[in-house]
Student: 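Please see the structure below; I have some questions.
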Amino acid sequence: MKKKVGVLALQGDFEAHRKALERAGADAVEVRTQADLDTVDGLIIPGGESTSMLKLLHIENLFEPLRAFGQHKPIFGTCAGAILLAREVSNPAQESFGLMDIAVERNAYGRQLDSRIVKLDGDVEAVFIRAPIIRSAGPEVKVIASYNGTPVWAEQGRHMVATFHPELTADTRVHESFLRKI
Amino acid sequence: MVMNDDFRLKTGLAEMLKGGVIMDVTNVEQAQIAEKAGACAVMALERVPSDIRKEGGVARMAQIRIIREIMETVSIPVMAKARIGHFTEARVLEALEVDYIDESEVLTPADEEHHIDKKAFKVPFVCGARNLGEALRRIAEGAAMIRTKGEAGSGNIVEAVRHIRTIVKEMKQLTVLGKEELVHEAKKLQAPLELVEWVAEHGKLPVPNFSAGGIATPADAALVMQLGAEAVFVGSGIFKSSDPEARARAVVKAATYYKDPIKLLEASEELGEAMPGLDITKLPEAELMQTRGW
């Protein structure tokens, strides 16, 4: 049976993630409410603006349910999603779920003109768009790939983060590695 | 069509704005209100379209000081407008490192034949369009995002609806045509065959397709999104209403829950007065902004 994976669809590139999940062989659904969340076995928090997502999470009373979901089910955060999963956020400081022991600095490479596409080890193409940087990671965090000396793809137990956008490439390996956690 | 890295980065940022609301702001205070309300980006300009309409005169790129202050204050992407064809205004905005440039019919056009050669820039551009031919010409010039024009500053959704419906219908029609018919369509649309073929194959634009021009209420935002827009620009609609903060929050909510009538009802309650609206059929032709651009 196909794994049923949700994509948080409050704002951002949730459609690209939905398609990437389907390419990787999963059943993808958009999650906008608690009822949607109750039907999925894992969740992706997409790229987008973390401030917009936070605002909607609070207006719709989804912040605590989402944190609780992460206590027993896997979450994969890309870019804005990685910011929301972090223990600590800077530039500026903002609230986050604290589900992974990482400290993240927002827009750390600079503005859109500093966005870039690079190749990581293992020939993984990484699309960075106004990306954050993981400034520190705790001992429980396993770094899967780095770029310019800082982690860009990491996991801790059931959770995973990428500061780049695997959903904007044709390569499904990053999504497949998340599906193995479910 | 060529999806090189440069183009992927430009459309990539537009992907991140989907499902969101880009709000026109004229100062730091408004930008902060927009960010706090959940805007996914702000558009920095000197006067909102309804004031440009009222006051007349030449509308130009905003003062650099204002744009810079806004960029220094908010953490969300900051866009700014350049006049149609004014490639040096665009170079100034690129040097300032704004995140997106809107080559906009809301400002007074600087060139009545040519648009900016947007492929020559590293910064991404958004352009307005009323129909598929116009959208594809802008994409051919290098636009990485299209927004339907609507009628800016009117508070009247009718033109935005007309434009999104037109583009969606024209795209659907292409999907059932044969190769030789597409050649004829490309001629009629005055757009490159390569782009016409891409749309015929995929049934959508090769760049994100947003909506603008006349959105004044949460229901307006939800309407254009149900018709096919992937995000909305709100110009005068927020800061010309009686309670900008509440309205900004409500439109953000409506852009996410555009298919959910219960959530739209919640978003539509206790909003105060919307901006005053204009009957577009009563506007003299010369006052229309949507007819600017070629």
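Letters A, B, ... mirror the listed sequences (proteins, then strands); counts begin at 1.
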Student: Where does B:Glu94 contact chain A at under 4.5 Å (heavy atoms): side chain, backbone, both or neither?
Tutor: both
Student: I need the minimum non-hydrogen distance between A:Gln11 and B:Gly20, along with the two atoms involved.
Tutor: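 Nearest heavy atoms, A:Gln11 then B:Gly20: CG-CA, 3.8 Å.
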Student: For B:Cys40 versus A:Glu49, what's the shortest heavy-atom pair and its separation?
Tutor: O-CG, 3.2 Å
Student: Check whether any side-chain heavy atom of B:Arg8 sits under 4.5 Å from a side-chain heavy atom of A:Thr169, and report yes or no.
Tutor: yes
Student: Against chain A, label B:Ala37 side chain, backbone, both or neither, depending on which of its atoms sit under 4.5 Å from a heavy atom there.
Tutor: backbone
Student: So, do A:Lys55 and B:Arg249 sit near enough that their side-chain heavy atoms are less than 4.5 Å apart?
Tutor: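 In short, these two side chains touch, coming nearer than 4.5 Å.
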Student: State plainly whether the residues A:Glu30 and B:Lys259 are in salt-bridge range, i.e. N to O under 4.0 Å.
Tutor: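 No, no charged N to carboxylate O under 4.0 Å.
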Student: Ignoring hydrogens and geometry, is there a side-chain-to-backbone donor-acceptor pair from A:Asn107 to B:Ser75 under 3.5 Å?
Tutor: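 At least one qualifying donor-acceptor pair exists.
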Student: Is the side chain of B:Lys253 donor-acceptor paired with the backbone N or O of A:Leu56 at a distance under 3.5 Å, no angle test?
Tutor: no
Student: If you take all heavy atoms of B:Thr256 and A:Arg32, which pair is closest and at what distance?
Tutor: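 That would be O-NE, 3.1 Å.
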Student: What part of A:Leu168 is in contact with chain B, defined as an atom under 4.5 angstrom from a non-hydrogen atom: side chain, backbone, both or neither?
Tutor: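 For A:Leu168, the contact with chain B is made by backbone and side chain together.
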Student: Strictly distance-based, threshold 3.5 Å: is any side-chain N or O of B:Glu97 a donor or acceptor partner for the main-chain N or O of A:Leu113?
Tutor: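 Not at all, since once roles are kept as given, no pair shorter than 3.5 Å links the two residues.
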Student: Is it the backbone or the side chain of B:Pro208 that comes under 4.5 Å from a heavy atom of chain A, or both, or neither?
Tutor: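 When you check distances to chain A, no heavy atom of B:Pro208 falls under 4.5 Å.
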Student: Is chain B contacted by the side chain of A:Thr78, its backbone, both, or neither, given a heavy-atom distance below 4.5 Å?
Tutor: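 Interface part for A:Thr78: neither.
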Student: Should A:Arg130 and B:Asp99 count as an ion pair when the cut-off is N to O under 4.0 Å?
Tutor: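 The answer is yes: the pair qualifies as a salt bridge.
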Student: Is chain B contacted by the side chain of A:Ile129, its backbone, both, or neither, given a heavy-atom distance below 4.5 Å?
Tutor: side chain
Student: Checking A:Gln112 side chain against B:Leu9 main chain: does a donor-acceptor pair fall under 3.5 Å?
Tutor: yes
Student: If you count every heavy atom of other residues, nucleotides or ligands that lies below 6.0 Å from B:Arg165 atom CZ, does the total exceed 12?
Tutor: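 Not more than 12 within 6.0 Å, no.
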Student: For B:Phe121, does the CZ atom sit with more than 12 other heavy atoms under 6.0 Å from it, leaving out its own atoms?
Tutor: yes
Student: Less than 4.5 Å to any heavy atom of chain B: does that hold for the side chain of A:Arg106, its backbone, both, or neither?
Tutor: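 Interface part for A:Arg106: side chain.
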Student: How close do A:Phe14 and B:Lys18 get, heavy atom to heavy atom, and via which atoms?
Tutor: CE2-O, 4.4 Å
Student: Give a yes or no on whether B:Arg68 atom CZ has more than 12 heavy-atom contacts from other residues, nucleotides or ligands under 6.0 Å away.
Tutor: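 Counting other residues, nucleotides and ligands, CZ of B:Arg68 stays at 12 neighbours or fewer.
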Student: Name the region of B:Val21, side chain, backbone, both or neither, that has any atom closer than 4.5 Å to a heavy atom of chain A.
Tutor: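 B:Val21 has no heavy atom closer than 4.5 Å to chain A.
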Student: Calculate, to the nearest 0.5 Å, the distance between atoms NE2 and CE belonging to A:His165 and B:Met16 respectively.
Tutor: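 It comes to 3.5 Å.
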Student: State, to 0.1 Å, how close A:Ser52 and B:Gly38 come at their nearest heavy-atom pair, and which atoms those are.
Tutor: OG-O, 2.7 Å
Student: Taking A:Gln94, A:Glu125, A:Glu167 one by one, which has the highest count of heavy-atom pairs under 4.5 Å against chain B?
Tutor: A:Glu125
Student: By a 4.5 Å heavy-atom criterion (distance strictly below it), what part of B:Lys263 contacts chain A: side chain, backbone, both, or neither?
Tutor: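 Contact with chain A: side chain only.
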Student: Quick one: what part of A:Ala9 sits under 4.5 Å from any heavy atom of chain B, side chain, backbone, both or neither?
Tutor: backbone
